[in-house]
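Below is one structure, written out as structure tokens; comments come after it.
In what follows, every chain begins at residue 1, and chains take the letters A, B, ... in the order their sequences are listed. Worth saying up front: this structure is predicted, and the values here are computed from it rather than measured. Computation of the quantities below employed the complete heavy-atom set of this structure, encompassing side-chain atoms and omitting hydrogens, waters and symmetry-equivalent molecules.
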Number of protein chains: 2
Amino acid sequence: MSENTRKSYVSAQQVADLAGVSRSAVSRTFTDGASVSKSTRTKVLAAAEALGYHVNHLARGLIRERSNIVCLIAADINTPYQSRFIETLTRRLQAADKVAMLINTTGDTGVEPALRQTLHYRADASIVLSGQPAVSLIDTCLHNGQRVIVVNRDDDIEGPQSVSVSNTGAARNALHMLKRAGCKRMAIVSSRVGTASLVARETAFAEAAREEGLPVDAVHIGATSYASGAEAARQLLSRAERPDGAFCVTDLLACGFMDVARHEFGLRIPEELCVVGFDDIEQAGWSAYELTTFRQPIDDITAHIIALVTQGPEEPPAPPASFEAQPVWRRSVRPR
Amino acid sequence: MSENTRKSYVSAQQVADLAGVSRSAVSRTFTDGASVSKSTRTKVLAAAEALGYHVNHLARGLIRERSNIVCLIAADINTPYQSRFIETLTRRLQAADKVAMLINTTGDTGVEPALRQTLHYRADASIVLSGQPAVSLIDTCLHNGQRVIVVNRDDDIEGPQSVSVSNTGAARNALHMLKRAGCKRMAIVSSRVGTASLVARETAFAEAAREEGLPVDAVHIGATSYASGAEAARQLLSRAERPDGAFCVTDLLACGFMDVARHEFGLRIPEELCVVGFDDIEQAGWSAYELTTFRQPIDDITAHIIALVTQGPEEPPAPPASFEAQPVWRRSVRPR
DNA sequence: TCAATTTTTGCACAGCTGTGCATTTGATTC
DNA sequence: GAATCAAATGCACAGCTGTGCAAAAATTGA
């Protein structure tokens with residue numbers, strides 16, 4: 001007999017029948033602020049418990065304005081920085097009674113189909129953590145009343161809310177750290193991926209170096225990964241005039257860079273080579289690295305994102321928000 | 001004039017009106033295998049493009065059996081192992097035309113409300129990556145026709161499909177690795193979190209050591225994290241008779257353990273201390289660690305999960321699947 | 001006890017789609 | 001040009017819920 005009940009989900013009508021009330025009463029029992037008497041409420045709850053009823057949020061989203069679904073569009077989810085971001089974001093979204101749909105744009109699926117997917121599911125908002133969505137598609141989203149929040153992209157796309165970390169100040173600061181440590185020849189370690197924030201860090205650092213009259217060598221290798229940082233070190237450190245100060249635009253690159261510098265070139269850090277990273281991923285604090293870097297204020301950023309997501313549609317769009325990355329002094333740069 | 005169109009989503013009816021066809025034609029245009037003439041199809045597509053129409057998957061899920069939503073219930077998402085798992089899983093789910101809902105059970109939200117959430121959204125399946133869902137709730141899921149897939153839990157819960165890595169064989173193998181390397185005093189580094197697979201690894205290792213007549217010291221500290229591994233090293237290595245071979249039930253623990261062993265106790269690895277880990281996270285391959293460990297066959301596991309998710313409801317449930325963790329030799333254990 | 005007021009309840013509709021069925025359109029054949 | 005058949009189309013219903021509105025019930029006050 002339990003076989004035929006297994007077929008499908010239990011609906012509010014079945015609960016109403018069992019409880020001997022109308023379906024409206026069931027609906028009202030599970031709607032905050034609706035008017036139901038105590039006695040029917042308990043009857044309904046008992047019937048729902050017995051049948052294993054759960055409100056169908058898909059149908060509810062059909063009626064209401066909000067589906068309570070928020071899409072996260074991200075690539076390189078297994079990266080320490082991204083995964084921490086996603087962890088924090090999902091936790092806070094849940095606290096705000098939202099549920100996160102995670103769309104991975106790593107493989108063949110680009111950002112476009114991902115963003116289209118969010119429209120299919122009537123998401124309240126889409127948070128773009130990586131990649132560059134086409135403006136036309138963003139327009140479609142906004143046109144359909146869906147919020148689009150773009151994280152860490154400096155480019156000023158008209159329409160979407162944007163949240164970013166100010167890269168320039170921190171990158172300039174990085175140069176001055178290295179200069180004060182006595183470094184004479186600078187290096188920039190970056191990837192081929194032309195992410196806006198990475199490019200911004202690089203150019204700000206290079207410009208500051210030019211102002212100070214310090215030579216800069218920049219390498220761009222593959223993805224923004226440990227392996228790329230390692231390869232960059234092999235290229236940079238085997239040159240005749242090797243750099244003695246390196247700015248890695250990402251901590252992950254810095255880890256690879258430091259490992260090769262130490263284990264393949266036998267260099268001591270920070271005595272012979274100073275390294276500055278960016279992001280303050282967990283590994284930066286591991287005693288194998290003790291990396292001096294800049295901390296992305298993930299708590300502040302995510303808090304602001306949550307505010308954007310939960311604000312009413314009539315409120316005016318907030319101006320692009322920018323947060324400062326704070327320096328974290330460890331031991332990969334010589335003290336003054 | 002564009003202000004009032006911004007209000008809400010565009011529906012199939014609007015597209016039909018603009019294209020001059022019936023709403024059914026619109027629906028059929030976006031349904032695979034439905035019968036529509038070429039001319040109306042193009043008319044509909046043009047109108048849809050002009051209005052920015054996207055099929056409402058929420059309403060579609062109301063009609064069809066499957067919502068194409070798959071829920072991932074996970075904790076410690078920012079952990080290297082979990083994030084890699086999630087990355088692979090989301091990618092493959094998307095390739096199978098599913099979309100992943102990520103539910104984070106790290107904070108105050110436990111597994112129970114998470115699993116209940118999956119019922120609310122009529123998920124096709126729930127994949128439980130962490131935590132122990134109550135049997136009654138799993139029953140409710142199955143009763144409602146929702147698949148539940150439990151990953152890496154050894155306990156035999158009746159009902160849900162389960163996929164796991166066989167821990168015992170690998171753990172016994174770990175002991176023999178250390179024994180062949182000449183280690184005399186064994187240590188087990190684990191956490192207080194009594195995850196089934198961690199406990200299984202520990203007990204298997206301990207039993208194998210007992211069979212070989214080798215002494216074993218086990219420590220359990222806090223979460224399964226780098227910091228716990230570090231603290232474990234401080235406790236174990238300051239003892240009078242310190243161990244010379246350590247089995248860390250997780251690579252993350254191993255990283256913390258190795259760092260403290262080297263930088264606080266000045267021990268050389270593998271000359272004075274051999275370390276074996278588990279999982280083969282990315283950091284295990286970094287040259288700061290070169291950790292000998294056991295690789296979780298994530299590709300095989302996720303492939304099997306996808307097969308479970310996409311199989312028809314009438315097919316018989318597959319038996320619990322178990323995969324072997326393969327040893328990965330690096331340099332944290334002395335060669336024979 | 002009765003009138004007035006508030007609370008509760010049920011009805012019916014809206015929200016958006018997929019699909020069976022009958023009907024119409026178009027093509028093909030003689 | 002008529003007949004036959006396949007393909008395409010529109011209608012109407014189902015699927016599950018939230019909510020305005022009117023009716024019913026319960027409460028309050030005198």
Side-chain angles (χ1 to χ4, degrees), chain A residues 7-45 47-48 51-69 97 119-124 144-146, chain B residues 7-45 47-48 51-69 97 119-124 144-146:
Chain A
K7 273 179 185 173
S8 180
Y9 280 87
V10 25
S11 75
Q13 184 65 61
Q14 303 177 36
V15 178
D17 293 346
L18 181 61
V21 296
S22 83
R23 196 185 55 72
S24 311
V26 178
S27 180
R28 285 194 238 271
T29 301
F30 293 101
T31 305
D32 284 346
S35 161
V36 206
S37 76
K38 200 143 209 160
S39 71
T40 54
R41 159 173 245 109
T42 52
K43 272 193 294 185
V44 167
L45 286 178
L51 293 175
Y53 169 74
H54 289 85
V55 179
N56 189 338
H57 276 35
L58 274 53
R60 173 177 278 180
L62 216 55
I63 301 280
R64 297 241 177 106
E65 292 297 308
R66 3 194 88 254
S67 63
N68 284 343
I69 296 175
D97 276 327
L119 288 168
H120 284 308
Y121 280 98
R122 296 321 192 234
D124 290 350
N144 279 329
Q146 181 179 101
Chain B
K7 274 181 185 171
S8 178
Y9 280 87
V10 24
S11 75
Q13 185 64 59
Q14 303 177 36
V15 178
D17 291 347
L18 180 61
V21 296
S22 80
R23 196 186 54 71
S24 310
V26 178
S27 180
R28 286 195 236 277
T29 302
F30 293 101
T31 304
D32 284 345
S35 162
V36 205
S37 78
K38 199 142 211 159
S39 70
T40 55
R41 159 172 244 110
T42 53
K43 275 194 292 186
V44 167
L45 287 178
L51 293 175
Y53 169 74
H54 289 85
V55 179
N56 188 337
H57 276 35
L58 274 52
R60 173 177 277 181
L62 216 56
I63 302 281
R64 299 235 176 114
E65 291 298 308
R66 3 193 86 255
S67 64
N68 285 343
I69 296 175
D97 276 327
L119 288 168
H120 284 309
Y121 280 98
R122 287 342 187 219
D124 290 350
N144 280 330
Q146 180 179 102

note = In whole angstroms, the gap separating C1' of C:dT19 from CZ of B:Arg64 amounts to 10 Å
query = Which part of the nucleic acid, if any, lies within reach of B:Ser24 when heavy atoms closer than 4.0 Å are counted: base, sugar-phosphate only, or nothing?
reply = base
key: Under-4.0 Å side-chain N/O to phosphate OP1/OP2 contact, B:Arg60 with C:dG18   = yes
message = Need to verify one output field. Residue with the more 5' nearest nucleotide on DNA chain C, B:Val55 or A:Ala25?
response = A:Ala25
message = Under the criterion side chain to side chain contact (heavy atoms under 4.5 Å, CB included), I'd like the reasoning laid out for B:Val55 against A:His120: C-alpha separation, chi angles, the key distance, then a yes or no.
response = CA-CA 6 Å; B:Val55 179; A:His120 284 308; 4.2 Å; yes
task = Write down the distance between CG (B:Leu58) and P (C:dC16), rounded to a whole number of angstrom.
result = 12 Å
query = If you look at every strand shown and take non-hydrogen atoms under 4.0 Å, does B:Tyr53 touch a base, only sugar-phosphate, or nothing?
reply = sugar-phosphate
query = For the base of D:dG18, is there a side-chain donor-acceptor partner from A:Arg23 under 3.5 Å away?
reply = yes
task = Determine: side-chain N/O of A:Ser35 to OP1/OP2 of C:dT7, distance under 4.0 Å, yes or no.
result = no
Value rounded to 0.5 Å, distance of OG in B:Ser67 from CD in B:Gln146 = 8.5 Å
inquiry  = Mind checking if B:Thr31 touches a base, just sugar-phosphate, or nothing, with heavy atoms under 4.0 Å?
reply    = sugar-phosphate
ask   = Has the side chain of B:Ser22 got a donor or acceptor that lies under 3.5 Å from a partner of the other kind on the base of D:dC11?
value = no
Of B:Ile63 and B:Arg41, the one whose closest DNA chain D nucleotide lies more 5' = B:Arg41
is_close_aromatic(A:Tyr53, A:Tyr9), centroid dist under 6.0 Å = no
message = Without decimals, in angstroms, what is the distance between B:Tyr121 OH and D:dT17 P?
response = 14 Å
inquiry  = Contact between B:Phe30 and B:Val36 at the side-chain level, heavy atoms closer than 4.5 Å - yes or no?
reply    = no
ask   = Can you check side-chain hydrogen bond (donor to acceptor under 3.5 Å, both in side chains) on A:Ser27 and A:Ser24, steps first, answer last?
value = CA-CA 5 Å; A:Ser27 180; A:Ser24 311; over 6 Å; no
inquiry  = Rounding to an integer number of Å, can you tell me how far B:Leu62 CG sits from C:dA14 C1'?
reply    = 13 Å
query = NZ of A:Lys38 versus P of C:dT8: gap in Å, rounded?
reply = 11 Å
query = OP1 or OP2 of D:dA8 sitting under 4.0 Å from any side-chain N/O of B:Thr40?
reply = no
message = Rounding to an integer number of Å, can you tell me how far B:Arg66 CZ sits from C:dT17 C1'?
response = 18 Å
task = Would you classify A:Val36 as touching base, sugar-phosphate or nothing, given that sugar-phosphate means primed atoms plus P, OP1 and OP2, and contacts are heavy atoms under 4.0 Å?
result = sugar-phosphate
ask   = Do B:His54 and A:Arg122 have side-chain heavy atoms sitting under 4.5 Å apart?
value = yes
query = Is the phosphate of C:dT9, meaning OP1 or OP2, less than 4.0 Å from a side-chain N or O of A:Ser37?
reply = yes
key: Atom-to-atom span, NE2 of A:His57 to C1' of C:dG15 - whole angstrom   = 17 Å
request  = Identify whether any heavy atom of B:Ser27 sits under 4.0 Å from a base atom; if not, whether one sits that close to sugar-phosphate; answer base, sugar-phosphate or nothing.
outcome  = base
ask   = Any donor-acceptor pair under 3.5 Å between the side chain of B:Arg28 and the base of D:dG10?
value = yes
key: Separation of atom NE2 in A:His120 from atom P in C:dT17, rounded to whole Å   = 11 Å
